[in-house]
Colleague: 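Just passing along the structure, written as structure tokens.
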Amino acid sequence: ETGVTQSPTHLIKTRGQQVTLRCSSQSGHNTVSWYQQALGQGPQFIFQYYREEENGRGNFPPRFSGLQFPNYSSELNVNALELDDSALYLCASSPAQGAGELFFGEGSRLTVL
Amino acid sequence: AQSVTQPDIHITVSEGASLELRCNYSYGATPYLFWYVQSPGQGLQLLLKYFSGDTLVQGIKGFEAEFKRSQSSFNLRKPSVHWSDAAEYFCAVSNAGNNRKLIWGLGTSLAVNP
């Protein structure tokens, strides 16, 4: 059984640029959630996708957007990057019938200069 | 407002000693409660969860946690710590629905002395 995989693992961008982060969900999981974890903080919920539709969003501006594909993989896009967007971005998948348990990838470390 | 508080930012214990990590939550509805562990360069791994029933739950790696509704607490315990337990520990809460939005504490960093 393949776990949650994320790419890239590390990347550096400059302020104002755009970034796309990718996530492959665990086999059999159709729900993907994205979290932002700043240094020294707990993760913050960005949004969740279920069957290609956004299904819940945290307190993040519209320049944070996402997609889910028919194979349940997902992308997180961030436009007009700001310095405060520097963080570890975590993807988690879960089975639709699972009661709250998330399975996390190792994250994508974004640095904005 | 919904929140999770982990009062201890950093804890150091000796190998073989017992461990208790504290977690308090503020949540209007019936909470689902979780403990996750994050090692350097690794993703978050679920240690244990509480949904209902027996308030003492057993998890992986010898960890257990006890849900105390009267104290709004869900403290994590281990009777004998191993050096490999050094990591960041996060307590999280979600509602009983299906949107899987977790609210997280700031984490407790555990160091283990040989």
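Chain identifiers are assigned alphabetically (A, B, ...) following the order of the sequence lines, protein sequences preceding nucleic acid strands; residue numbering begins at 1 within each chain. Every value quoted in this text rests on a predicted model; they were computed, and no experiment measured them.
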Colleague: With the 4.5 Å side-chain cut-off for hydrophobic clustering, are A:Leu11 and A:Tyr89 part of the same group?
Modeller: yes

Colleague: Do the side chain of A:Tyr35 and the main chain of B:Lys101 share a donor and acceptor less than 3.5 angstrom apart?
Modeller: no

Colleague: Side chains of A:Phe45 and B:Trp104, heavy atoms from C-beta outward: is any pair under 4.5 Å?
Modeller: no

Colleague: Report whether A:Val78 and A:Leu90 are members of the same hydrophobic cluster (ILVMFWY, side-chain heavy atoms less than 4.5 Å apart, transitive linking).
Modeller: no

Colleague: Just give me the residue among A:Arg109, A:Gln44, A:Gln41 that pairs up with chain B most often, heavy atom to heavy atom, under 4.5 Å.
Modeller: A:Gln41

Colleague: Do B:Ile60 and B:Val37 share a hydrophobic cluster, counting only Ile, Leu, Val, Met, Phe, Trp and Tyr and linking them when any side-chain heavy atoms are less than 4.5 Å apart?
Modeller: yes

Colleague: A:Glu106 vs B:Leu44, test: side-chain contact (heavy atoms from CB on, under 4.5 Å). Steps then yes/no.
Modeller: CA-CA 7 Å; A:Glu106 294 185 7; B:Leu44 288 153; over 6 Å; no

Colleague: Taking the side chain as everything from C-beta on, heavy atoms only, tell me whether A:Phe103 gets closer than 4.5 Å to B:Leu46.
Modeller: no

Colleague: Indicate, with yes or no, if A:Leu83 and A:Leu39 share a hydrophobic cluster defined by side-chain heavy-atom contacts under 4.5 Å among Ile, Leu, Val, Met, Phe, Trp and Tyr.
Modeller: no

Colleague: Is the number of heavy atoms from other residues, nucleotides or ligands within 6.0 Å of CZ (A:Arg15) greater than 12?
Modeller: no

Colleague: To the nearest 0.5 Å, what is the distance between CG on A:Leu102 and CZ on B:Phe34?
Modeller: 7.0 Å

Colleague: If I measure from the heavy atoms of chain A, does B:Glu88 come under 4.5 Å with its side chain, its backbone, both, or neither?
Modeller: neither

Colleague: Testing the basics here: between A:Gln37 and B:Phe90, what is the closest heavy-atom pair and its distance to 0.1 Å?
Modeller: NE2-CZ, 3.2 Å

Colleague: Could you tell me if the side chain of B:Leu102 sits less than 4.5 Å from the side chain of A:Pro43, heavy atoms only?
Modeller: no

Colleague: For atom CG of A:Asn59, decide whether the heavy atoms of other residues, nucleotides or ligands shown that lie under 6.0 angstrom number more than 12.
Modeller: no

Colleague: Would you say B:Phe67 and B:Leu19 are hydrophobically clustered, going by side-chain heavy atoms of ILVMFWY under 4.5 Å?
Modeller: yes

